[in-house]
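Below you'll find the structure, written out as structure tokens, and then a few comments.
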Amino acid sequence: MSETKGKIAVLTSGGDAPGMNAAIRAVVRTGISKGYEVYGVRRGYNGILNREMDLLTFHDVSEKLQHGGTFLFTARSAEFREEEGKKKAAAICKELGIETLIVIGGDGSFTGAKNLSKYGVNVIGLPGTIDLDIAYTDYTIGFDTAVNTAMEAIDRLRETSNSHERCSVVEVMGRSAGYIALWCGIANGAEQILIPEKFDNNYDKLIEEIKNNRASGMTHQIIVNAEGIGHSYGLAKKIEEATGIETRATILGHLQRGGSPTARDRVYASVMGAYAIDCIEKGKKNRLIGYKEGHVYDVDIEEAFQMTKSIDDYEYEVAGILGTRCEYK
Ligand SMILES: Nc1ncnc2c1ncn2[C@@H]1O[C@H](COP(=O)(O)OP(=O)(O)O)[C@@H](O)[C@H]1O
Ligand SMILES: O=P(O)(O)OC[C@H]1O[C@](O)(COP(=O)(O)O)[C@@H](O)[C@@H]1O
Ligand SMILES: [Mg+2]
């Protein structure tokens, strides 16, 4: 038997995202093919702290690619947030001979990974979150599937909203970021989009626009409200009271996180998983992997945390024009 090149562990952390399984599969299969032992850690950082991990084989990751969620399970680990938790996790990695930890997660998981790297564990991150709220990358695993799922749900909502001539407030996820809302706003032709990055809390203006909209002949309205603004039931009540238009609120919630990943999520997650192993092969330390201008790339974890990103002004402007706001300017 040939000597192993070393031990790599992979975990998923934070909210699950469709495509995480594809990323794990790519890490495992590429890792094995290049001569590493790859361990799958269960339940995020808790799995390190509780030593819940198994050596994975090529076949262990069969039939996973097409499924949403994460077969390694995920968690939001309170213990790992504490300094003591990170020290303990680093000590366990050292004891078990795990040289590199591949973390598939979002901004919170990467903050944890960055801190863990200070204790001598080499960390490689793959962006896995439906929120798209990670500055260094144009793409995150799961966003594409989540947006498509929400878009289909909102198409259905429009049909009933239209039939009853109602105003519908639909809340989509995104934590404090409005990317899912903006994309659904454009993809569903929403009359209004409320996102935390742009909304000025001017509810009077919003209500005025809804009234004008009706007066111009619009029989129903879809208002996409980002989770970061929230209070959708209260907003629906406020609109109904102020306009006399029957209004309903729908919170799409966790259904946006499930489902079979789109081709984009499968392909990009697979490419990034393989690329993580290439980074290890090249001796790279503490890197985050992402997509920039259509290409997979890696960046130093500290550098990545200095980066910022914002909603594309032009996309937001287009969303406004394609809704009905422009008629009343
Ligand atoms: N500041 C932090 N320090 C250490 N670990 C953190 C920190 N923030 C988050 N984490 C770890 O990452 C996990 C996932 O973070 P969370 O923000 O919930 O999801 P996501 O990574 O998807 O954004 C947390 O439960 C915690 O274990
Ligand atoms: O599943 P939970 O714990 O209710 O968390 C809900 C949050 O998770 C998300 O779905 C994904 O966020 P993360 O990727 O940061 O975990 C957010 O959009 C939402 O705010
Ligand atoms: Mg997050």
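These numbers come from a predicted model, not from an experiment. Counting starts at 1 for both ligands and their atoms, following the listed order.
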Six-ring centre of Y203, K238 cation under 6.0 angstrom, axis tolerance 45°:
yes
Report the nearest protein non-hydrogen atom to atom 16 (P) of ligand 1: residue, atom name, distance rounded to 0.1 Å.
R76 NH1, 3.5 Å
Using a 4.0 Å heavy-atom cut-off, say whether D131 meets ligand 1 through its side chain, its backbone, both or neither.
neither
Could K88 and Y119 be counted as a cation-pi pair, given that NZ or CZ must be under 6.0 Å from the ring centre and within 45° of the axis?
no
Counting non-hydrogen protein atoms only, what is the nearest one to atom 27 (O) of ligand 1? Give residue, atom name and distance.
S77 O, 2.8 Å
Looking at F58, is R29 sitting on its ring face, NZ or CZ under 6.0 Å from the six-membered ring centre and within 45 degrees of the normal?
yes
Is D107 close enough to the Mg ion (ligand 3) that one of its N, O or S atoms comes in under 2.8 Å?
yes
Return yes when T129 approaches ligand 1 closer than 4.0 angstrom through a heavy atom, no otherwise.
no
Working for ring-ring contact (aromatic ring centres under 6.0 Å, His included), residues Y291 and Y268:
CA-CA 8 Å; Y291 268 83; Y268 283 19; 4.0 Å; yes
Are G174 and ligand 2 in contact, using a heavy-atom cut-off of under 4.0 Å?
yes
Report the member of R76, E227, R175 with the shortest heavy-atom distance to atom 5 (O) of ligand 2.
R76
Taking the non-hydrogen atoms of G106, is any one of them nearer than 4.0 angstrom to ligand 2?
no
Which protein non-hydrogen atom lies closest to atom 11 (C) of ligand 1, naming both residue and atom, and how far is it?
G108 O, 3.8 Å
Got an N/O contact under 3.5 Å between G15 and ligand 2?
yes
Heavy atoms only: which of I134, D131, V172 lies closest to atom 18 (O) of ligand 2?
D131
Starting from atom 23 (O) of ligand 1, what is the nearest protein heavy atom, named by residue and atom, and what distance separates them?
D107 OD1, 2.6 Å
Cationic tip of K114 above F305 ring, under 6.0 Å, 45° of axis:
yes
Below 3.5 Å, N or O to N or O, backbone or side chain included: is there any such pair between D133 and ligand 2?
no
For atom 3 (N) of ligand 1, closest protein heavy-atom neighbour:
K86 NZ, 3.2 Å
Does even one non-hydrogen atom of E79 get within less than 4.0 Å of ligand 1?
no
Considering heavy atoms of the protein only, find what lies nearest to atom 1 (N) of ligand 1 and give residue, atom and distance to 0.1 Å.
T111 CG2, 3.3 Å
In the protein, what heavy atom is nearest to atom 21 (O) of ligand 1, and what distance, to one decimal place, separates them?
S109 OG, 2.5 Å
Heavy-atom nearest neighbour in the protein, as seen from atom 5 (N) of ligand 1, with distance rounded to 0.1 Å
G112 CA, 3.4 Å
Is a salt bridge present between E302 and R287, judged by a nitrogen-to-oxygen distance below 4.0 Å?
no
Is Q256 touching ligand 2 with its side chain, its backbone, both, or neither, if touching means heavy atoms under 4.0 Å apart?
neither
Applying salt bridge (Lys or Arg N to Asp or Glu O under 4.0 Å) between K5 and each of E281, E99, E37, report the one that passes.
E281
